[in-house]
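Just so it is clear: chains get the letters A, B, ... in the order the sequence lines come, proteins before strands, and each one is counted from 1.
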Amino acid sequence: MKKIEAIIRKSKFDEVKDTLHETGIDFFSFWEVTGVGKARESRVYRGIAYDTSTIERVMLSIIVRDINLEKTVRAIIKASKTGEVGDGKIFVSNIEESYRIRTGEQGDESLYIKE
Amino acid sequence: MKKIEAIIRKSKFDEVKDTLHETGIDFFSFWEVTGVGKARESRVYRGIAYDTSTIERVMLSIIVRDINLEKTVRAIIKASKTGEVGDGKIFVSNIEESYRIRTGEQGDESLYIKE
Amino acid sequence: MKKIEAIIRKSKFDEVKDTLHETGIDFFSFWEVTGVGKARESRVYRGIAYDTSTIERVMLSIIVRDINLEKTVRAIIKASKTGEVGDGKIFVSNIEESYRIRTGEQGDESLYIKE
Amino acid sequence: MEETTTTLAGIPPELYNDLAISINNIWVLVAAFLVMFMQPGFAMVEAGFTRKKNTANILMKNLMDFSIGALIYWVIGYSIMYGDSIFGGLIGKPFLFFNSDGIGDYADKTDILFQTVFAATAATIVSGAMAERTKFQAYLIFSFFVTLIIYPISGHWTWGGGWLSELGFMDFAGSTIVHSVGAWVGLAGAITIGPRLGKYIKGKAVAIPGHNLAMGALGVFILWFGWFGFNAGSQLGAAGSENTVAIAHIALVTNLSAAGGAVAAMLFAAFRYKRPSLSLSLNGALAGLVAITAGADVIAPGGAVVIGLLAGALLVLSVEFFDQKLKIDDPVGAISVHGICGAFGTLLVGVFSVENGLLYGGGFTQLGIQAIGVLAIGAWAFFAGLLLFKILKATNTLRVSKRIEEEGLDVYEHGESVYN
Amino acid sequence: MEETTTTLAGIPPELYNDLAISINNIWVLVAAFLVMFMQPGFAMVEAGFTRKKNTANILMKNLMDFSIGALIYWVIGYSIMYGDSIFGGLIGKPFLFFNSDGIGDYADKTDILFQTVFAATAATIVSGAMAERTKFQAYLIFSFFVTLIIYPISGHWTWGGGWLSELGFMDFAGSTIVHSVGAWVGLAGAITIGPRLGKYIKGKAVAIPGHNLAMGALGVFILWFGWFGFNAGSQLGAAGSENTVAIAHIALVTNLSAAGGAVAAMLFAAFRYKRPSLSLSLNGALAGLVAITAGADVIAPGGAVVIGLLAGALLVLSVEFFDQKLKIDDPVGAISVHGICGAFGTLLVGVFSVENGLLYGGGFTQLGIQAIGVLAIGAWAFFAGLLLFKILKATNTLRVSKRIEEEGLDVYEHGESVYN
Amino acid sequence: MEETTTTLAGIPPELYNDLAISINNIWVLVAAFLVMFMQPGFAMVEAGFTRKKNTANILMKNLMDFSIGALIYWVIGYSIMYGDSIFGGLIGKPFLFFNSDGIGDYADKTDILFQTVFAATAATIVSGAMAERTKFQAYLIFSFFVTLIIYPISGHWTWGGGWLSELGFMDFAGSTIVHSVGAWVGLAGAITIGPRLGKYIKGKAVAIPGHNLAMGALGVFILWFGWFGFNAGSQLGAAGSENTVAIAHIALVTNLSAAGGAVAAMLFAAFRYKRPSLSLSLNGALAGLVAITAGADVIAPGGAVVIGLLAGALLVLSVEFFDQKLKIDDPVGAISVHGICGAFGTLLVGVFSVENGLLYGGGFTQLGIQAIGVLAIGAWAFFAGLLLFKILKATNTLRVSKRIEEEGLDVYEHGESVYN
Ligand SMILES: Nc1ncnc2c1ncn2[C@@H]1O[C@H](COP(=O)(O)OP(=O)(O)O)[C@@H](O)[C@H]1O
Ligand SMILES: Nc1ncnc2c1ncn2[C@@H]1O[C@H](COP(=O)(O)OP(=O)(O)O)[C@@H](O)[C@H]1O
Ligand SMILES: Nc1ncnc2c1ncn2[C@@H]1O[C@H](COP(=O)(O)OP(=O)(O)O)[C@@H](O)[C@H]1O
């Protein structure tokens with residue numbers, strides 16, 4: 001199993017979610033993070049203009065079976081790319097074990113509902 | 001060292017926390033995430049009924065020594081299981097190094113306070 | 001590539017950020033988490049005094065090339081240490097692959113902007 | 001308010017008048033303050049019912065439509081509305097920079113303040129229907145024109161003594177004259193600008209929940225409170241037994257209709273969508289308030305309850321109809337609350353008025369006149385608004401770019417985020 | 001208010017009366033508006049002092065208890081309270097659908113509006129004590145009965161001219177008649193429904209902090225503002241020198257007692273729990289307001305400060321006592337604020353009243369009468385409430401299921417979340 | 001207000017007076033309630049414009065400065081301000097525990113309530129400038145002294161009939177007497193306590209955005225609403241034609257100046273910083289309100305618009321100047337809004353007063369007197385404040401420790417967090 005962590009634009013979240021569902025990836029978790037990077041937003045607060053390099057983003061955490069890794073990454077890139085600085089990153093790491101709390105199932109089994 | 005990431009129901013958090021403490025797991029971090037999965041909540045907003053598959057959940061991140069892995073996973077499953085769809089998942093991955101910022105201690109040492 | 005996850009005091013965040021920038025680490029993501037540990041804050045709510053072991057903290061997630069691991073960890077420890085209980089932890093794990101969404105670049109390339 | 005100028009038998013009129021005027025004056029002033037306080041009510045409702053990323057924009061436009069409205073209406077709008085009729089009652093004779101120290105039933109300056117806060121109410125309603133996608137400049141421009149022309153002209157036809165008032169059109173405190181005018185301009189705007197991105201996907205309406213319904217609830221309670229000034233203040237007097245009974249009556253029926261609206265919307269939504277909905281119940285209270293506004297002086301308490309109940313149910317249907325059938329995207333429900341329920345309440349005066357309503361044996365005459373008024377004013381406001389928004393659209397000052405809409409207007413238009 | 005019907009020597013009474021009535025009328029109307037505005041005060045306090053997941057539910061029940069209360073009280077409750085005494089002063093003779101255009105010291109319709117907002121205050125207090133675990137239907141049902149029967153009946157005993165008023169019981173603006181009645185019904189409810197899940201673990205009280213104390217603070221300030229209407233409006237007149245002094249006096253002592261309550265609660269909590277607590281200081285201000293309400297007309301400014309200080313300290317002890325000793329779970333402290341401090345303030349009228357209080361040489365008579373009133377009304381409200389809640393419990397319409405309570409009432413009962 | 005004691009030709013004066021007094025009395029009372037309601041306005045503005053972690057602290061100090069102020073001012077402060085002049089008009093003769101049932105143009109107790117809420121306004125302004133780093137005790141101590149001494153003494157010089165009032169200094173509702181006094185004490189405090197940690201890094205000002213500008217916006221709207229009581233209530237009468245025109249005039253110009261301030265700040269900020277800023281526009285409205293307060297009775301509507309526009313632009317420059325040039329850290333902009341714009345508005349009375357302003361041919365005399373007043377009061381408030389804060393600093397009761405400031409005052413000083 002692999003964990004895919006994708007840090008994307010907030011405004012692209014709905015597109016990414018829909019694309020993932022179309023790809024058959026129905027399970028994941030996400031939360032809001034703040035990204036520090038080259039993309040900057042300019043703000044003014046009470047007369048002090050400032051550049052902020054911290055931008056609100058969405059972090060997606062998706063654990064997939066190895067065979068789904070490739071297509072999931074492709075789906076995310078496709079849906080979240082604008083071509084402008086600040087599109088975000090995707091990181092892949094290894095997951096050693098997985099459990100479905102409801103049933104106690106382990107491993108790949110726990111990742112999808114067998115029909 | 002292993003990292004245990006558990007995505008559980010918000011309403012089960014207190015039980016899980018207490019059970020972890022009983023198990024001797026006193027250190028962890030958690031934050032709120034939104035889960036996408038098979039569990040759905042139905043909502044109505046101003047007359048538009050909609051199913052949301054996005055549900056508020058709590059993500060726990062617990063780094064434990066290898067010997068504690070098993071009992072920690074068992075404790076979480078025990079405390080957070082309701083048997084209904086939406087109970088969540090537990091993922092285990094490998095941690096290569098760990099530091100206690102206060103003392104600079106490294107490795108397993110950094111994970112508990114030796115008495 | 002390595003992932004560095006640092007859980008630090010909220011009040012130390014600005015110092016850590018600045019130190020990271022000085023060290024040349026310009027990209028990372030962070031979010032607020034709640035930490036459970038030995039550090040406790042005492043609260044009173046409507047006459048019920050209670051100790052909370054849950055404290056607001058900031059989680060930093062930084063993916064770096066292997067060669068930058070050491071200096072990044074050092075920078076974080078330096079900037080976030082107060083010497084009192086509750087300074088936090090740093091965890092290092094392995095990242096197998098990385099993508100820059102904007103360009104599709106992979107691996108180490110995707111982590112910095114080549115000048 | 002004749003009773004403030006006539007006096008009781010055998011009593012020196014000057015004395016009576018002097019104090020009667022003082023009483024009228026503080027009544028109308030306090031009412032004006034209450035109506036001004038409706039501004040944060042609108043601000044909270046609109047901000048609460050929309051998304052976090054556009055909150056600064058919405059608060060800003062609320063602050064600005066009130067401020068610009070207050071200035072423009074004082075500079076000239078008031079005179080267009082209340083100046084002597086010219087062109088056969090179509091418009092008032094304009095003059096600039098009102099500064100009269102005269103006294104009628106109360107001070108002239110009390111009058112302009114009271115009328116100003118009404119004008120600003122009309123202006124602020126517009127923007128709710130167009131929230132989350134409109135350029136900030138566009139808000140500034142249409143606030144300017146609404147308080148300069150659109151509202152004063154139809155206002156002149158009625159309260160200004162123009163042709164509709166001569167016809168006998170009854171709209172006591174402005175269900176149509178204030179609320180619907182704002183809503184029909186907003187309708188023109190919502191149609192012209194189109195729905196928010198992501199509101200209709202594959203032809204189906206998508207729910208875009210407001211980011212803070214507690215803020216919305218506070219806003220509705222504030223509006224309810226301010227509405228006592230809106231309606232009972234519109235009696236424009238408090239001295240003498242006639243006024244005494246009238247303002248009490250108006251305040252009572254206002255409260256009953258609001259309560260009816262909230263209860264009906266709650267029950268109707270619970271029945272229709274299986275659950276009692278906070279957002280619709282809040283809108284229901286407003287629907288009851290808007291609907292009773294036209295006839296608060298001539299509708300009995302029982303009639304007010306019925307009108308409130310009907311308006312609350314109508315509101316639910318109307319929101320659904322605009323949102324899901326017509327696919328006109330009105331994030332805060334302004335068109336349904338102020339437009340549909342305003343027109344509905346104005347028509348019902350012809351039915352429930354104890355003076356000449358259908359149910360009280362008055363026949364269809366008044367109902368007909370009410371319909372004429374609703375249509376004439378509706379047409380004026382809608383087409384004037386349409387023209388304005390078409391021009392804004394043609395000059396590309398109406399809608400923000402896709403990128404800005406996606407990322408939120410706050411950061412791009414104002415460089416500020418509300419929550420930090 | 002006799003002075004509005006008598007006149008100054010040699011002056012035609014009709015003239016005086018006409019304007020005096022107008023003055024009284026606008027005073028009581030403005031006061032009614034202010035008391036209505038206490039509704040968002042309660043809504044913000046209750047929502048702020050409870051958890052995020054139940055916010056829609058709390059806002060909804062505030063909107064609905066006011067709306068239902070306004071309707072029921074108009075339909076019949078008002079007449080049960082103020083109708084001619086029947087059964088020896090136990091209850092007023094009921095009639096339906098109030099619609100009088102009469103004028104007494106002010107318009108009759110002003111009176112029903114003013115009384116309505118008081119009735120709704122009693123109803124809304126109940127729900128605070130039962131927040132976060134009560135079915136929405138249950139709120140609707142008990143709001144109905146509180147404004148239909150429970151509040152009107154004990155109200156008749158006192159303000160309605162019934163047996164307690166004949167005995168000489170003094171409760172000027174309703175420390176007991178309004179606030180305690182709500183609180184004792186709430187006490188019955190809190191006992192019947194039991195504590196929230198997780199409130200008592202191994203017999204120890206657990207802190208469940210409110211989700212937004214800023215909202216709570218806003219609510220308290222709004223209540224403080226509205227309380228000027230509640231107390232000074234209860235003079236039911238403003239014309240003539242007697243009323244002039246009275247309303248000024250009432251407003252002043254109301255403010256002083258509130259200030260005393262806040263300061264005492266802050267100091268006492270700082271002393272007892274080591275830190276000055278915002279949540280308790282806010283409740284302390286309310287405690288001072290509730291406590292002075294009974295004697296605002298007859299207590300000197302110095303007495304008001306003392307009462308406020310005592311109430312503020314008492315509040316802290318009472319919250320602790322109910323929460324930790326009696327283990328009755330009252331999430332917003334309604335029982336302590338409105339019940340205990342209301343009873344306390346009512347009793348202290350017998351001590352601090354400049355007319356006949358113990359400290360002013362009036363002996364124990366008045367104190368005894370106060371005690372009878374507090375007990376009689378308390379017993380009525382508590383047992384009537386208990387009966388009501390036992391029936392609701394028996395029919396399984398009182399408490400939500402464990403699952404719903406855990407996950408939050410908003411999503412399950414209303415299908416809506418407040419924060420998105 | 002002479003017209004309440006004189007009467008119209010041939011009419012028995014007792015009758016007229018009795019009702020005229022009643023009218024004055026309810027006017028001033030309602031105004032006092034509105035001014036009291038400015039307290040949550042300040043609380044919301046200050047809490048919204050600062051960081052989450054200090055919100056309980058800010059709400060708490062707002063609650064407490066009002067509560068302590070109300071008590072102290074009643075105990076003795078009022079008499080120091082309004083007692084008979086002693087020491088040649090420097091101070092009023094103090095007495096304790098005000099409790100007069102007398103009636104002048106309105107009830108004496110109405111007067112102390114009205115004056116109390118003004119005193120509390122001055123006290124609450126101070127704390128805004130010192131937010132996010134001041135010990136809670138320090139707030140309690142300086143609230144005590146501001147309402148005990150600092151505000152009453154300069155208040156005596158002017159409204160109390162002391163030397164400045166004899167000189168002819170004009171400050172109708174307190175641009176200088178209330179607002180600037182608070183601001184100059186706050187300036188002394190902000191200088192003494194120093195900037196927040198992280199506010200100036202390498203000599204450059206850092207933006208520390210407020211945590212909830214929606215809360216701030218609500219606060220500004222509440223203040224705008226309350227300001228009608230502040231200014232129009234300061235006429236201290238409503239009966240008779242002179243008062244009738246005056247209060248209408250005052251309310252109108254108050255609204256126009258606020259609108260002007262908001263528009264000017266918005267445009268000026270848009271021009272200067274490229275984007276229309278919500279936070280500055282909100283402050284701009286307040287700037288317009290503060291600036292018109294001194295001359296609300298003698299400035300024509302056109303003059304009020306000009307003053308508002310100038311104040312709005314000045315505000316933007318002033319915030320920048322204090323923040324970036326002088327490096328005085330005033331988190332909510334209190335010094336600029338209340339101090340600079342207050343002084344500016346007071347001076348402009350000498351220019352725009354229709355009675356004796358420069359523009360109306362009155363020459364420089366009044367302007368000179370205004371300058372004397374602004375300077376004298378400014379010097380008094382600043383140096384008295386400086387002394388107070390130096391003592392607090394020396395006794396280490398002024399500033400919280402670095403650790404507490406970093407982690408937030410809420411948890412450490414109050415043991416409570418606002419958002420849970
Ligand atoms: N090495 C990294 N570790 C953690 N997060 C990162 C890293 N690099 C980028 N990110 C996240 O991705 C976001 C987008 O990166 P950015 O460099 O601005 O975009 P782009 O790759 O298009 O140039 C950042 O705001 C940050 O949240
Ligand atoms: N593969 C996954 N990757 C990331 N998060 C997941 C994954 N599968 C499940 N989750 C998280 O767990 C939650 C519960 O999963 P769900 O499938 O609804 O429950 P159950 O396993 O009981 O059927 C989801 O809402 C989601 O947050
Ligand atoms: N094993 C762990 N897994 C996850 N988070 C941890 C772990 N240990 C510590 N933390 C996080 O680090 C924070 C600080 O740890 P704590 O033990 O209080 O500090 P110290 O190491 O200085 O004694 C905790 O609040 C928690 O968020």
Original post:
Under 6.0 Å from the six-membered ring centre of B/F27 and within 45° of its axis: does the NZ or CZ of C/K89 meet both?
Top reply: yes
**OP:** Identify which part of C/R74 has an atom lying under 4.5 Å from any heavy atom of chain B, answering side chain, backbone, both or neither.
**Re:** side chain
**OP:** Check whether more than 12 heavy atoms from other residues, nucleotides or ligands sit under 6.0 Å from atom NZ of B/K78, and answer yes or no.
**Re:** no
Original post:
Which atom pair, heavy atoms only, marks the closest approach of C/K81 to B/R102?
Top reply: CE-O, 3.1 Å
Original post:
Closest approach of C/S93 and B/I95, non-hydrogen atoms and distance?
Top reply: CB-CD1, 4.0 Å
Subject >> Toward chain B, the part of C/K2 with a non-hydrogen atom under 4.5 Å >> reply: side chain
Original post:
In terms of heavy-atom pairs under 4.5 Å with chain B, which of C/V92, C/D87, C/V73, C/I4 leads?
Top reply: C/V92
**OP:** Report yes if the side chains of C/V33 and B/M59 come closer than 4.5 Å at any heavy-atom pair, otherwise no.
**Re:** no
Original post:
In Å and rounded to the nearest 0.5 Å, what is the CD to CG distance from B/E97 to C/N94?
Top reply: 13.5 Å
Subject >> Closest approach of C/E32 to B/W31 (non-hydrogen atoms, all atoms of both residues) >> reply: O-CB, 3.7 Å
Subject >> Cationic N near anionic O, under 4.0 Å, B/K3 to C/E5 >> reply: yes
**OP:** Taking all non-hydrogen atoms of both residues into account, name the closest pair between B/I101 and C/I7 and its distance.
**Re:** CD1-O, 4.0 Å
